[in-house]
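The block underneath contains the structure these notes are about, expressed in structure tokens.
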Amino acid sequence: MTERFHSPLPNIPKSPFPKVVIIGAGFAGLKLARNLNKKKLQVVLLDKNNYHQFQPLFYQVATAGLEPSAISFPLRKIFHHSKNVIFRMAEVESLDTDQKRLFTDSGYLDYDYLVLAMGADTNYFGAKNIEFFASPMKTVSEALYIRNKIISNYEKAINIEKQENRRALMNVVIVGGGPTGVELAGAMAELRNNVLPKDYPELSFKNMQVVLIEAGSSLLASMSDEAKEHALEYLKKLGVEVKLETKVQDYDGQQVFLENGNKIETQTLLWAAGIKPNRIKGLQDELFAKNGRILVDKFNQVNGLEGVYALGDICLMETDDYPRGHPQVAQVALQQASALAKNLVNYEEGKEGEPFKYKDLGSMATVGRKLAVVDLPFIKFQGLFAWLTWLFVHLMAILGVKNKLLIFLDWSWNYLSFDPSLRLLIKPKYVRASERRELIEEK
């Protein structure tokens, strides 16, 4: 047995208060930690990265609209003045619920309360070739990789003489008609229409395809009919080829093979077709639903495991309103974290917890500059006002005054000039094999 399995995680201060260990610093984990700040609990927040990532704007990093630092925030900075919240960058490997012990790559950690908030990863639905060749977008690193790949392709294309040999480099195919896919397709079309021709005047962008493929009968399946129709209309106006009720069968890095027998040449397949919950060793199979989500009760406690909770994308709470579980969106994660924070304090004060009740605040998606769709509980609207609403909501949700200012300035400049200045191909330095685990994110 390796040393980390019989050595505690070092430098964790002793505390007279119960220990809450949170795995994952996404929307749910970070919200919970912040809400437990200055409470009579010792909170240990674990994440494999030392920053929080604002996922709704990954697509803007991928399409050179924002720099990665604008949507990332150092976790240690958030808790500079906290006396009870501790952050450790570590990868969790397994847990022992009988001992109430968590094992990481840096040592073990005992807990009184354990909160699983590891989020979800890309779901390729068992398609191994697609998993190998396609580009996902679930982290800042993956978004930056897509940016580099797109820019690299055009730098290569301009050095190829024949137009037919440039097609695979220039075409972009996006799979998945949810908000991520729609926003990516709109942003790529705007780059194609307004920006890339200035950078590469020698190339003909009339022949560049931006294709959005969705297996279902409509885009934005969880939104209203008005939102679906307007999103489709906006994308078509931008010149995106939308293929509904179309399934991708395979991909070899050069061609996308569709189930109807058609093929699309591209070296850039962006996969936004689904998510699957991240898993942790140590939980019994019966604690998981068929789709991989962890079954929890109305207090977000994992079924049958006292003191172990799951939040956000990884959990499934069956209710009358949501018999198949809540939607895997940020608002659910944030609201569950707020409810659990109140309950943990209540438990320590000898009070009963309150069951979680989700309040749907609406949903929105942007398609392009001045184009968005918004569904609120009391009103639905589209177009310019929806776009301004989308900008305001996302700007307010970003952590840090500096980040809000940077994004506001970037968006203002991009709106006025329609020429983002982040199209830099910065190649990562070669990393020695001995350092790859620490310095390279695994796919």
Side-chain angles (χ1 to χ4, degrees), residues 15-46 52 78-79 82-85 95 97 100 102 111-120 222 277 280 283 286-289 291 293-363 376-378 393 396-397 399:
S15 171
F17 302 124
K19 185 181 293 178
V20 180
V21 178
I22 305 169
I23 306 175
F27 286 117
L30 181 58
K31 180 71 171 179
L32 178 62
R34 295 179 78 186
N35 283 16
L36 293 178
N37 188 25
K38 299 181 180 178
K39 305 297 182 184
K40 292 182 179 180
L41 294 162
Q42 185 185 46
V43 180
V44 182
L45 178 62
L46 304 175
H52 171 72
I78 297 171
F79 300 107
S82 176
K83 294 182 179 179
N84 71 308
V85 180
L95 66 91
T97 55
K100 288 197 166 185
L102 187 71
Y111 62 85
D112 295 290
Y113 299 102
L114 176 65
V115 182
L116 308 176
M118 300 95 68
S222 62
I280 184 171
L283 293 179
E286 58 264 25
L287 297 177
F288 294 90
N291 58 10
R293 295 168 75 176
I294 300 171
L295 297 166
V296 299
D297 64 16
K298 59 186 177 181
F299 301 98
N300 278 99
Q301 181 172 278
V302 178
N303 287 353
L305 291 182
E306 186 176 349
V308 181
Y309 300 85
L311 302 174
D313 290 346
I314 65 167
C315 77
L316 191 152
M317 181 191 298
E318 297 176 343
T319 67
D320 292 338
D321 293 334
Y322 298 93
R324 299 174 61 185
H326 296 91
Q328 291 168 291
V329 296
Q331 269 303 318
V332 172
L334 292 168
Q335 291 181 35
Q336 286 181 341
S338 295
L340 180 59
K342 292 178 182 177
N343 283 342
L344 291 180
V345 172
N346 285 340
Y347 298 152
E348 288 306 308
E349 294 177 351
K351 302 175 183 176
E352 291 187 0
E354 294 183 9
F356 173 69
K357 179 70 174 178
Y358 175 53
K359 183 179 180 181
D360 187 357
L361 300 179
S363 53
L376 299 179
F378 52 88
V393 168
M396 291 301 101
L399 289 175

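Nearest heavy atom pair, residue Val345 against residue Leu36, reads CG2-CD2, 4.2 Å. Of all heavy-atom pairs spanning Ala117 and Gly29, the tightest one is CB-N, 3.9 Å. In this structure, Ala25 and His52 approach most closely via the heavy-atom pair O-ND1, 2.9 Å. Shown here for Arg293 and His326, the closest heavy-atom pair between the two residues is NH2-O, 2.9 Å. Minimum interatomic distance between Ala337 and Ala28 (heavy atoms only, all atoms of both residues): CB-O, 3.3 Å.
Interatomic distance, Phe288 CZ to Ile294 CD1, rounded to the nearest 0.5 Å: 5.0 Å. Rounded to the nearest 0.5 angstrom, Lys83 NZ and Lys38 NZ are separated by 9.0 Å. Atom-to-atom distance recorded for Gln336:CD and Leu334:CG is 10.0 Å, nearest 0.5 angstrom. In this structure, CG on Leu305 lies 10.0 Å from NZ on Lys100, to the nearest 0.5 angstrom. The CG atom of Leu102 sits 11.5 Å away from the OG1 atom of Thr97 when rounded to the nearest 0.5 Å.
A heavy-atom distance below 4.5 Å is found between the side chains of Phe299 and Asn343. With contacts defined as side-chain heavy-atom distances shorter than 4.5 Å, the pair Leu95/Leu116 qualifies. In this structure, the side chains of Phe79 and Leu45 come closer than 4.5 Å at one or more pairs of heavy atoms.
Considering only residues two or more places apart in sequence or on other chains, Gln335 meets the side-chain hydrogen bond (donor to acceptor under 3.5 Å, both in side chains) condition with Gln331. Residues passing the side-chain contact (heavy atoms from CB on, under 4.5 Å) test with Lys19 are Ile12, Val21, Gln42, Val44, Leu109, Asp112, sequence neighbours excluded. Residues passing the side-chain contact (heavy atoms from CB on, under 4.5 Å) test with Ala330 are Phe27, sequence neighbours excluded. Residues passing the salt bridge (charged side-chain N to carboxylate O under 4.0 Å, His left out) test with Lys39, sequence neighbours excluded: none.
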Let me check something: any side-chain donor-acceptor pairs from residues 348-357 under 3.5 Å, sequence neighbours excluded? List them with distances.
residue : atom : partner : partner atom : Å
Glu348  : OE2  : Tyr113  : OH           : 2.4
Glu349  : OE1  : Lys351  : NZ           : 3.3
Lys357  : NZ   : Asp321  : OD2          : 2.9

N/O donor to acceptor pairs below 3.5 angstrom from side-chain atoms of residues 307-319, sequence neighbours left out:
residue : atom : partner : partner atom : Å
Thr319  : OG1  : Tyr322  : N            : 2.9

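The backbone N or O of Asn303 lies less than 3.5 Å from no partner atom in the side chain of Asp297, so there is not a single donor-acceptor pair.
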